[in-house]
Every structure is written in structure tokens, then in C-alpha cells.
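Quick notes on the structure that follows.
Computed from a predicted structure; not experimentally measured.
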2 protein chains.
Amino acid sequence: MNLPKAIRNLAEAFERLPGIGPKTATRLSYYLLQAPETEAKKFAQALEELKENTKICSVCRNIDEADPCSICTDSSRDTSVICVVERPTDILALEKSGKYRGLYHVLGGVISPLNSIGPEELYIDGLVERLASSVKRREEENPKSLNANRYPLIAVREVVLATNASLEGEATAMYLSKLLKSAYPNLRVTRIGRGLPVGADLEYADDVTLTRAMEGRQEY
Amino acid sequence: MNLPKAIRNLAEAFERLPGIGPKTATRLSYYLLQAPETEAKKFAQALEELKENTKICSVCRNIDEADPCSICTDSSRDTSVICVVERPTDILALEKSGKYRGLYHVLGGVISPLNSIGPEELYIDGLVERLASSVKRREEENPKSLNANRYPLIAVREVVLATNASLEGEATAMYLSKLLKSAYPNLRVTRIGRGLPVGADLEYADDVTLTRAMEGRQEY
């Protein structure tokens, strides 16, 4: 027995989503079939309005309702720190923790030779430009201090590299670190801390995590 | 930071689906945001056409493109057996196994006092009616044989109770078995086999499964 075409179409749409297999896709389609009709309608409307009502921030490539985004225009935030992340969803996770009050920069991925993604595919120019314009702003404000210093002074004090702790994430962080440090020797370039996640058992942690945890040990 | 409204709306729609939590809902919404726009559009279209292009079979309550459904109208199928299932998706699973060639009957749920679902909420009348009309058809075709027999003869020889092996599924099967046997003593009422699933270890099977497996042992 073949699935009715309308159900098959919806199941195929669900299946294209990451992490949803054919069985779940069919189950979800049947669920919507027996749910009140308004539910499927609301769903369809939300899908149609998705791209119309969102904007990509031209400064940091975050996704928001306005351009520049609400973080870039928030005057209460610390504009001297930029946290570099892979995806807009990483911003959500960091914002939820509430610890970080600086700005962000979304790369839009990681360097991955296997998937033929090089540095030029990522939004690295944007980061370099942000740093350059921050230098220029500083020069205009205080032309004397520039002459007093061998290295360009920039308003951005620190760049936190918060790509994932995966192989590609580490390689991208390494690449960016070298690039930024050579251009701005005064800039503090940091990598987000790696080690045991909360609640983890030392006994079951893998070697690389333990190595990172040892390397990242701090005064207590 | 709040999610942009368009993303929040879509995430809420995803979250209403069974088995999708807030994190997955957000992830899926962001995925659709970065996917080609046609994907979200196709998805929306499939949702809108879902209820318009599907019908509930008036005979067996299966969901299909036509009413009666393709199984009820399939002349190659064995009309003397009716398999009673909880949901239309159960029909898909049984059809996929390819073993069963009879008809189906969808109850639309199970008896569940905790959720205040009694037998009257299920499509049991429909099953009783199908059996009754099958008797009537037989009477018209062969009035003599009826007189020769104490019990009404029906064209449907067997009803397979294929509700889930859950507490409610078993209770519903028990209820239907009593109901059908008292109305049609000549009818064969069977319950789908229960025991060890393929690939299972006896050692790790639970007590009830082992009890059922023992009860359901067969000549080998």
C-alpha cells in the first residue's frame, strides 16, 4: 500500500530536516492529519513568514528582526570584545548562559577541506573589516597615540574564538588566531575553555578531553 | 536575547509535534532559515494540501486518497478476514511486512479509562455493522444455510485483534473479543502473536514478554 500523495509530500518535507528519518516523518505527518486543522495552517503560515520577517545582520551575520541586530545596537554591551561563533544558534546558547556581554561574529561554518569549505567561504573578511574599522575609529579619535605605538591600537581589545570543540572547530580557531595575531599583535585572542563538562565523570572522559582539561587547569 | 518572532512562531509550531522538544524545534527552524527558500515553501504547501487531499475511508477509517480506501476496494484481497488496529499507521506497518492480505478496521485509539476513553469513543459500531451486514449479505445469498445453523453465518470468518501489546491494547482486545464472540459464536477471533521480538536476548526480556512467549509457543 502506498501512502496517499498528500501525506507522502509532507513526510518528504519533514524528512529533509536534519535528524528526522522516514519513520518519524510519517508519524509526524499522520499526527498533523488528526490534529485540528488550524494547527497545520498555523504551521504553514509560520513557514511562509519565516524568511520574510527575519534579517541577517550586516555587521555580525546574526539572524534577527532588524539589521543591524539587537545585539550590535545594544549600547549596554561591551563593544571591546567580539566572540566568534560558527552559527547564529551558538549565539542563543551563549546568551542563555548570560555570562557574556560583548558582541558576536558569526562565521557561517568552519574550515572543512573534506567538504571543500576553505577560509574564503566563511565570513572572515567581515571580522577583519570590523577590526580594521575599529582601528580607524581609534586613529581618528586619538591620532597621537598611534604614532606613539609601533602597533596599531584597536578599540576591540579581545576576540574570543568560540567555534565548536570539534576537529574542524579547532582548526578554524587555530587559523583565525594566527591571522588575527599577525595583523594585530596587541589584540588579545582567546579560545573558549575546554575540559570536563559539568556532571561528567573523570573515569569515562575521553583522552582528548582530559588532555584539554589538564592544559586548561586554573588556580583554585 | 529573544528569538526573532518569525523563528519563534515556527519553533512553536514544531514544538507542538510529538517527540520534538524546544531545542530541536529551534534547531529545525534555523535549519529551514538557511536552506533554500523553496524548501520552506514546499513544506508550507504540503501542510496546506494535507487535509484537502486525504480522505477517511467510511468503511474501515483508514486514511487514503479515495473513499472507500484502496484496501477496501482491492478485489484481490481476502474479504473474510478483518484485522483490527488502533491507528492508520498500524496498517502501514502491517502492509510493509506483506504477510497479511485481508481487510482492516481502524479503531482510532484504545479503551483508556485514565484518559476517559470508553468503548463508545472508538469506532467499534463500525466493526459490528460490518459484521452484521456481512451476515445479511450471506442470508440473501443463501437463505437455506441460515436455517440449517443455530448461529448466524457470516462471510467474515476471522477477526484478528492487532491492537498494541500495551496494557490498554490488551484490555481493548479483551473487550472486543468478548463482544464479538457473544454476538457471533462462529466467528474466529484471534489476537496477534506476542513474544520475543526478532533479535531479542532471552536474558534481557521482561517477565511479561516471557510469559506471553511461553503461552504463545508453537509446534516446531
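Ranked by heavy-atom pairs under 4.5 Å with chain A, the list K55(B), K42(B), E37(B), K96(B) is led by E37(B). Most heavy-atom pairs under 4.5 Å with chain A, from the set I20(B), T24(B), L28(B), D74(B): that is L28(B). For the set G98(B), A6(B), G108(B), P88(B), the entry with the most heavy-atom pairs within less than 4.5 Å of chain A is A6(B). Chain B forms the most heavy-atom pairs under 4.5 Å with one residue out of E65(A), R87(A), K41(A), and that residue is E65(A).
Taken from OG1 in T26(B) to CG in L92(A), the straight-line distance is 7.0 Å, to the nearest 0.5 Å. Atoms NZ and CG, on K5(B) and D64(A) in that order, are 14.0 Å from each other to the nearest 0.5 Å. Here CD of Q34(A) is found 9.5 Å from OG1 of T89(B). Values are rounded to the nearest 0.5 Å.
Taking non-hydrogen atoms and a 4.5 Å limit, the residue list of residues 45-54 of chain B in contact with chain A, ordered by number, reads A46(B), L47(B), E48(B), E49(B), L50(B), K51(B), E52(B), N53(B), T54(B). Residues of residues 170-178 of chain A never come closer than 4.5 Å to chain B when only heavy atoms are counted. Heavy-atom neighbours of chain A within the stretch residues 7-18 of chain B, taken at a separation under 4.5 angstrom, comprise I7(B), N9(B), L10(B), A13(B), F14(B), R16(B), L17(B), P18(B).
By the 6.0 Å contact criterion, CG on D201(A) is enclosed, its count of non-hydrogen atoms from other residues, nucleotides or ligands being greater than 12. Around atom CZ of R101(B), more than 12 heavy atoms belonging to other residues, nucleotides or ligands sit under 6.0 Å away. With a 6.0 Å radius and a threshold of 12 heavy atoms from other residues, nucleotides or ligands, L167(B) has its CG atom at or below the threshold. Surrounding CG of L210(A) are more than 12 heavy atoms belonging to other residues, nucleotides or ligands, all under 6.0 Å away.
With a threshold of 4.5 angstrom between heavy atoms, A66(A) does not approach chain B through any atom at all. At a 4.5 Å heavy-atom cutoff, I56(B) makes no contact with chain A through either its backbone or its side chain. Residue Y31(B) touches chain A through its side chain alone, counting heavy-atom pairs closer than 4.5 Å. Of the atoms belonging to S29(B), it is backbone heavy atoms, and not side-chain ones, that fall under 4.5 Å from chain A.
Under the rule for a ring pair (Phe, Tyr, Trp, His ring centres under 6.0 Å), the partners of Y100(B) that lie at least two apart in sequence or sit in another chain are Y104(B).
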